[in-house]
Protein chains: 2
Amino acid sequence: MTPDTRLADTDSTRNEPRVTGRCALTPMPASRPLTDLLRLMGGEPDGSEADHAFTVPLWQVRAGATLLLEGARASHVYVVRAGTFKSIKTAEDGYEQVLAFSSPGDVLGFEALCEDRQHTGAVALEDSIVFAIASRDLLLWRRQYPTLDHALQLALSRRLARAGEMTELMAAVSSEVRLARFIMWWSARMEALGQSPRRLRLRMSRRDIASLLGVAHETVSRSFSTFVECGVLSVANREVEIIDLERLKACTRNTRGLADDMPYRSAVGGRPAGLRQRTRSLEAASLTVN
Amino acid sequence: MTPDTRLADTDSTRNEPRVTGRCALTPMPASRPLTDLLRLMGGEPDGSEADHAFTVPLWQVRAGATLLLEGARASHVYVVRAGTFKSIKTAEDGYEQVLAFSSPGDVLGFEALCEDRQHTGAVALEDSIVFAIASRDLLLWRRQYPTLDHALQLALSRRLARAGEMTELMAAVSSEVRLARFIMWWSARMEALGQSPRRLRLRMSRRDIASLLGVAHETVSRSFSTFVECGVLSVANREVEIIDLERLKACTRNTRGLADDMPYRSAVGGRPAGLRQRTRSLEAASLTVN
DNA sequence: CGATCGTTTGACGGTGCTCAATCACCGTGG
DNA sequence: CCACGGTGATTGAGCACCGTCAAACGATCG
C-alpha cells in the first residue's frame, strides 16, 4: 500500500483535507473535549472547567492514507487517538525508509515546526483517528491551557525517550537480536495501552519492520521462523504470540551476536536468566535436532 | 581521558559494576543572561528587557565527566553552550551503547522528565559548558519568559528531527554507507555552528562512532581507510577532511543494496538515480582500478 | 620512558544480502 | 464458483561483507 508517497511539491495545503496519492482521506467528523486529549497524553485530568468546555477537532485517517506529507508545511501537530502510523522518509531513488511506528498518545508532526517543513512523512497503517492542533494555535493554546502545556511537555519527553529506544533497537548487530528487541518494544507499548503484551497484532508488514531495523525483509522472515522453531514465538502472519518470554528477553540482551553463555561463572547479578543460550546456539540447536 | 567509561565492547566482559561519574565535575562558575541562551537555541533575541535582566546559571563539565547519570532523578535540563557530549545507555553486561552526540544548542536531559529518571546518560567528550535549568523551574520559567518557551519548542522540534536523522544513519546496511552518512551528518552540524564543513575535528573515538552506527570499531577504521584510498577523505587520527564531497554524498544515498550509482567519474548532478548498482561500488571501483 | 589506550591492518569464518522460486491470501471479474 | 493477477510471506542457494580474534603500531600522559 501507498507506494505512491512521492516527494511533495511544496504545496501548503490549509485546513483542507489533502488528497495525497491514493485514498488519502482526512475528513473531520467531530471534536472532543480537551480533557480527552489530556488523558490520552498521560496528563492528569485536573478537572478544570475550561478543559471540559474547550474541544479539539478530530480527524479520521483511513488505512494507507498520508497524514504527514513529506515536503509540506507544518500546518498541524497531531496526537494519535486511535490506530497506528509509520513515519517514513523517502529517498530520491524512491526507497521508503521507515523511521518509527506511532501508537495512541504519540505526537506527530512536531519535528516539522523547527523549519516549517515536514522532513518525514506519516502514513496510517490502519484506520486511525487523530487530534489536530493547528501549528499557529499551538503557542496560544499552550499558554491558555496549562494542563495541555504540561501534557505536551510530557509527551515530547516520552517521544525523545522513545527515539533513544529506536536507536538502541537498531544498534544490535545480529538481525535476530534486532527483531527480538523490536518484539519486546512493541509488546511493552501494547501493554502500556492496556492491551495484551503477549498476543501481539502487528500492524506493519515485514518489509516495514525490515526497513526500520535496517535488514532485508527476507531476514526478518527468517528470524521469525527461527524463533518459532525454537519455541520462543508463535507466528501466524501478523499475529504474534510470545511463548517463552525469558528466552526472548535473553536474546534481547545480546548486544552483538555474542554475549554467549556466560551464566557459568561470575555471573553478575543473581540468577542468570535461566538457560541462557546464545543467539546462534538457538538456531544451531534447531538444526542439529535432525 | 574518560578512562572510566568502560566499553564492554566485543568481549563478553562480565564487567564490573560501572563506576560512572568518577571525575564528574560540574561546578558552576558563572551565569549568563537569558538572551545568550535564546540566541544559542536559535530563538530570536526579541530584545525584551526581562531577557537581559534574567540570568541562567552555567556549569562547566570537564572532558570525561558525566553530566547525566543513568538512573538519577531528572533534576535539571541542560542546553549545551560549548563542547560535545555523547548520550549513552549502559546495558546490564556493561556494554555502553552510544545513542547520540550533542553539540552547542542541543537540549540534554529533557527525555528524563516523563518518568523522572535518566534512562540515558551523557558524558562530555571535551571540556564543555552548559546552561542548567532546574526541572522544577522549567514550567514556571517557560510561562514567565515566552521567548524561552518558544525557543525551547524550536529546540525540541529540532531534536526530534535529529532523532529521525539518527535512525536514517543506522538504517543503511553497508557499513561504509553508514560511516559516510555519519560524516555528512557531522559536517552539516559543524556548518550550522559556523565551523568548516570540510575540515572536521571528530570529538569521539572510533569506538563511540562504531557503537552509534552499530558496527565493529575495526570496521569503522577499515571504512575510513577505504575512503582515504579512494580519495574521498583525508584522515589523520581524529582530523577528517572531506576531499571529494560529491562522491561522499553519492555514497550517502545508497540506502541498501539497491539504487545507487556513483561511478567515480560520471557526472554527479542530481540524477534520477535509475541505475542500480551494488553498495560496494565505491570499494569495488577502487579495487579494480589496479 | 614505560604504561595504557586508541587505531590500524591481517586472516578467517559466519551471518545476512541478493537473486529466485513458491505459496498463501485477497479482491476482481469472468 | 473458479481463474486471474497482485501483494505479502516464506524458503533456498550462493557468495561476499563484516564480526571476531590477533597482533602491531601510534598517541597520550604520568
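- The phosphate of dT15(C) has neither OP1 nor OP2 within less than 4.0 Å of any side-chain N or O from Thr219(A).
- Map Met204(B) and Arg222(B) each onto its nearest nucleotide of DNA chain C; the residue landing nearer the 5' end is Met204(B).
- Annotation: the span from Met166(A) atom CE to Leu169(A) atom CG amounts to 4.0 Å, rounded to 0.5 Å.
- Two residues are said to be in side-chain contact when any heavy atoms from C-beta on lie closer than 4.5 Å; Leu233(A) and Phe224(A) meet this criterion.
- Taking atom CG on Asn237(A) and atom P on dC23(C), their separation rounds to 17 Å, with Å as the unit.
- Side-chain atoms of Glu218(A) and base atoms of dC19(C) include a donor and an acceptor less than 3.5 Å apart.
- Using a 4.0 Å heavy-atom cutoff across all strands shown, Ser221(A) reaches at least one base atom of the nucleic acid.
- For dT7(D), the OP1/OP2 oxygens have no side-chain nitrogen or oxygen of Ser205(A) closer than 4.0 Å.
- For the helix from dC1(C)-dG30(D) to dC26(C)-dG5(D), the terminal axes (five pairs an end, C1' atoms, rotation from four pairs onto the next four) enclose an angle of 50°, given to 10 degrees.
- Atom NE2 in His217(B) sits roughly 14 Å away from atom C1' in dG10(C) (whole-Å rounding).
- Rounded to whole Å, atom C1' of dT9(C) lies 16 Å from atom CZ of Phe224(B).
- To the nearest angstrom, C1' of dA9(D) lies 13 Å from CG of Leu202(A).
- Glu96(B) and Thr90(B) are not linked by any side-chain donor-acceptor pair at a separation below 3.5 angstrom, with hydrogens and angles left out of the test.
- Closest to the side chain of Ser225(B), out of dT18(C), dT10(D), dT9(C), is dT9(C).
- Across the protein-nucleic acid pair, Arg207(B) atom CZ and dT20(D) atom P stand 12 Å apart, rounded to whole Å.
- Side-chain contact, Glu176(A) with Ser223(A): no donor N or O sits under 3.5 Å from an acceptor N or O.
- Between Arg238(A) and dA9(D) there is a side-chain polar atom (N or O) within less than 4.0 angstrom of OP1 or OP2.
- The interatomic distance linking Phe227(A) (CZ) with dA9(D) (P) rounds to 17 Å, in whole Å.
- Atom CD of Glu239(B) is separated from atom P of dT28(D) by 10 Å (rounded to the nearest Å).
- Side-chain contact between Leu202(B) and Val240(B): present, with at least one pair of heavy atoms (C-beta onward) separated by less than 4.5 Å.
- Between the CD atom of Glu176(B) and the P atom of dG19(D) there is a distance of 12 Å, given to the nearest Å.
- Using a 4.5 Å heavy-atom cutoff, the side chains of Phe182(A) and Ile209(A) are in contact.
- Judged purely by atom type and a 3.5 angstrom limit, Thr167(B) uses its side chain to pair as donor or acceptor with the backbone of Ala163(B).
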